[in-house]
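See structure below.
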Amino acid sequence: MATEHSRTAARLMVSPAVILLFLWMIVPLGMTIYFSFLRYNLLMPGMESWTGFDNYYYFITQHAFWDALINTLLLVGGVLVITVVGGVALALLLDQPSKGQGIVRVMVIAPFFVMPTVSALVWKNMFMNPVNGMFAHIAKAFGLQPFDFLSHAPLASIILIVAWSWLPFATLILLTALQSLDREQMEAAEMDGASWLNRFIYLTVPHLTRSITVVVLIQSIFLLSVFAEILVTTNGGPGTASTNLPYLVYAQSLLNYDVGGGSAGGIIAVILANIVAIFLMRMIGKNLET
Amino acid sequence: MSRKSTATRQAVVTVAAWTIGFLIFFPILWTIILSFKSEGDAIKAPLDVLTSTWTMESYHEVQERSNYLKHFWNSVVLSLGSTLLALLIAIPAAWSMAFVPGKRTKDLLMWMLSTKMMPAVGVLVPMYLMFRDFGLLDTRIGLVVVLTLINLPIVVWMLYTYFKEIPGEILEAARMDGANLRSEILYILTPMAVPGIASTLLLNIILAWNEAFWTLQLTTSNAAPLTQFIASYSSPEGLFYAKLSAASTMAIAPILILGWFSQKQLVRGLTFGAVK
């Protein structure tokens with residue numbers, strides 16, 4: 001069917017998308033790499049000079065970088081653990097026949113559609129505020145001292161907020177996967193006397209492995225660049241207690257006007273994300289073969 | 001299993017599912033409730049909040065204080081504009097990759113996806129400087145372009161997985177029956193492609209509506225969509241729970257409704273077809 005003529009037409013149809021994405025990838029990234037080798041401060045325009053790897057050296061040796069790196073990993077890891085474990089449990093529950101399943105699904109999926117600035121501010125004020133928040137009211141009702149979540153456990157609080165936004169995503173994907181599980185095989189195992197636990201370990205878990213991998217990898221891509229939630233709740237503080245890598249780069253380049261240092265940080269973030277991306281691409285690439 | 005124990009089991013599952021579903025949904029529900037309270041009532045203990053009077057005053061105040069409608073309109077223009085632009089570029093590309101696949105089609109698709117892996121913060125500085133130098137900061141046109149580019153790979157991928165499912169044989173059959181190219185496209189391909197295009201449109205509007213990195217970095221007021229509008233509440237002035245709730249409710253309501261319609265497509269779109 002594919003003649004020479006139609007192949008040329010096909011190339012013409014693909015090219016706008018390819019050219020645009022190519023430019024989008026190469027131009028700003030090239031500029032970031034270039035800036036990362038310059039001493040370049042927005043407050044001193046026209047004073048740019050070549051510094052080699054100095055920016056990388058200063059970025060990596062500052063204390064804030066290591067804090068931010070650890071915070072980034074804790075944030076990604078914490079949210080992943082909560083959403084995968086919670087997602088599997090929820091998916092198993094929602095897969096059981098029950099009344100009003102449709103409505104429950106609608107309630108569970110809802111947080112995913114809430115924009116990050118809204119979810120962060122709602123949790124910060126209406127729930128975690130130590131004076132008027134819901135948790136403070138509950139603590140007072142039991143005669144306890146209200147806990148100031150965002151000052152005393154800023155990173156944990158942000159993990160909770162972000163996990164709330166992503167739990168629906170994990171649940172929905174795992175539920176979709178569960179529903180494609182072979183019912184007859186399950187029933188056969190049950191007839192043969194396999195316990196619930198054994199059926200879970202030997203049938204359900206292997207069936208879900210692929211979907212869990214997909215959830216982990218896709219969420220990692222988004223979680224590595226969490227930004228809005230931190231900006232509107234803690235501004236990365238107190239100190240660097242809740243600063244992650246994207247926030248550190250933002251602070252360095254647009255709050256401290258250090259374009260060179262910020263660019264070096266940006267490149268480090270790109271490298272980190274690419275390590276995760278390589279795994280994701282392999283997964284999806286495999287899927288494309290079938 | 002006897003019928004009775006099945007019924008008991010279903011009752012237990014139902015109660016558990018509703019309880020957990022309610023807890024997950026609760027922050028949203030509570031926000032909606034607070035939005036219909038006065039500022040004084042909104043900070044009371046939960047039970048006192050429920051028994052206090054209901055009012056619409058926060059909605060009026062939000063509109064007066066910060067011109068909600070302008071930001072709502074910006075969100076509409078940005079999400080719809082970037083989605084339509086992305087579709088315009090992606091439909092021909094996905095179409096030709098699905099129907100005239102070459103040796104490198106797979107590599108091309110993977111490469112497109114890889115552009116999505118680049119963290120936004122890696123290109124923050126040059127984007128900011130370019131926007132500043134071209135006078136695009138706080139303009140809708142600049143942001144439409146950025147949102148189009150960041151979502152283009154997802155749009156191409158989603159469309160590709162949908163188009164791939166349209167059987168090529170059906171075209172040959174139609175041709176045998178004497179259909180010409182025009183009627184092929186009009187009566188066979190378009191009706192089969194429309195559902196896929198519609199789901200892609202829906203999912204992409206949701207993603208663009210909630211995008212909160214570039215919209216926060218590149219806008220301040222004129223082109224600011226609802227994400228930025230809500231962020232202005234991060235520095236509170238006096239009592240503001242009811243106003244924040246009203247603003248939040250208005251920011252998420254349209255997309256919550258769209259989102260509920262697109263649950264199924266969401267899984268497929270966000271996993272690039274890996275989970276269907």
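All chains are named by letter (A, B, ...) in the order of the sequence lines, taking the proteins before the strands, and each is independently numbered beginning at 1.
I91(B) does not touch chain A: none of its heavy atoms, backbone or side chain, sits under 4.5 Å away. In this structure, chain A has a heavy atom under 4.5 Å from the side chain of I206(B), while its backbone stays farther away. Proximity to chain A is limited to the side chain of L152(B), based on heavy atoms less than 4.5 angstrom apart. For I221(A), the part lying near chain B is the side chain, with the backbone staying farther off; criterion is any non-hydrogen pair under 4.5 Å. At a 4.5 Å heavy-atom cutoff, Y247(A) makes no contact with chain B through either its backbone or its side chain. For chain B, no part of L175(A) is nearby; none of its heavy atoms comes within less than 4.5 Å. At a 4.5 Å heavy-atom cutoff, the contact between F112(A) and chain B is made by backbone and side-chain atoms alike. With a 4.5 Å cut-off on non-hydrogen atoms, I255(B) touches chain A through its backbone and its side chain both. Heavy atoms closer than 4.5 Å to chain B are found in the side chain of I103(A), but not in its backbone. With a 4.5 Å cut-off on non-hydrogen atoms, L226(B) touches chain A through its backbone and its side chain both. Only the side chain of L94(A) comes within less than 4.5 Å of a heavy atom of chain B; its backbone N, CA, C and O stay farther away. In this structure, the portion of L90(A) lying under 4.5 Å from any heavy atom of chain B is its side chain and not its backbone. For a residue to count as touching a neighbouring chain, one of its non-hydrogen atoms must lie under 4.5 Å from one of that chain's; by this rule W30(B) touches chain A with the side chain only. Of the atoms belonging to Y250(A), heavy atoms from both backbone and side chain fall under 4.5 Å from chain B.
Most heavy-atom pairs under 4.5 Å with chain B: of the set Y34(A), W24(A), F35(A), F227(A), this distinction falls to W24(A). Ranked by heavy-atom pairs under 4.5 Å with chain B, the first of N129(A), I271(A), V114(A), I267(A) is V114(A). Looking only at heavy-atom pairs under 4.5 Å with chain A, the residue among V49(B), L244(B), I20(B) that has the most is L244(B). Ranking M112(B), K164(B), E211(B), Q228(B) against chain A, the residue ahead of the rest is M112(B), based on heavy-atom pairs under 4.5 Å. Contacts with chain B were tallied for P28(A), A17(A), P16(A); P28(A) has the most, counting heavy-atom pairs under 4.5 Å. Among I89(B), L149(B), V125(B), the residue making the largest number of heavy-atom pairs under 4.5 Å with chain A is L149(B). Ranked by non-hydrogen atom pairs under 4.5 Å with chain B, the options G133(A), G100(A), S36(A) are led by G100(A). Heavy-atom pairs under 4.5 Å with chain B peak, among V18(A), L12(A), V226(A), N274(A), at V18(A). The most heavy-atom pairs under 4.5 Å with chain B, out of S263(A), S253(A), A9(A), A110(A), come from A110(A). In terms of heavy-atom pairs under 4.5 Å with chain A, the best-connected choice from P126(B), A212(B), G21(B), S245(B) is P126(B).
Judged by distance alone, with hydrogens and angles left aside, the side-chain atoms of T219(B) form no donor-acceptor pair with the main-chain N or O of L216(B) at under 3.5 Å.
Using a 4.5 Å heavy-atom threshold, the side chains of Q217(B) and L254(A) count as touching. For the pair T14(B)/V104(A), no side-chain contact is recorded, criterion being any heavy-atom separation below 4.5 Å from C-beta on.
Once rounded to the nearest 0.5 Å, the distance linking CG of N125(A) with CZ of F240(B) reads 3.5 Å.
T227(B) and T215(B) share a donor-acceptor pair across their side chains, judged by distance under 3.5 Å alone. A donor and an acceptor atom, one from each side chain of Y40(A) and D258(A), are nowhere located under 3.5 Å apart.
Separation of the W18(B) and F22(B) ring centroids does not fall under the 6.0 Å cut-off.
Taking the six-membered ring where the residue is Trp, W95(B) and F99(B) present tilted rings, their angle falling between 30° and 60°. Note: W123(A) and F127(A) have tilted aromatic rings, judged against thresholds of 30 and 60 degrees for the angle between ring planes. Ring geometry for W166(A) versus F222(A): interplanar angle of 30 to 60°, hence tilted.
The nearest pair of heavy atoms linking P153(B) to T115(B) is CG-OG1, 3.4 Å. Considering every non-hydrogen atom in both A242(B) and K37(B), the closest pair reads CB-O, 3.3 Å.
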Applying side chain to side chain donor-acceptor pair (under 3.5 Å), run through T83(A) and Q219(A) and close with a yes or a no. CA-CA 10 Å; T83(A) 53; Q219(A) 282 197 21; 3.2 Å; yes
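Between R104(B) and D107(B) there is no salt bridge, since no side-chain nitrogen of the basic residue lies less than 4.0 Å from a carboxylate oxygen of the acidic one.
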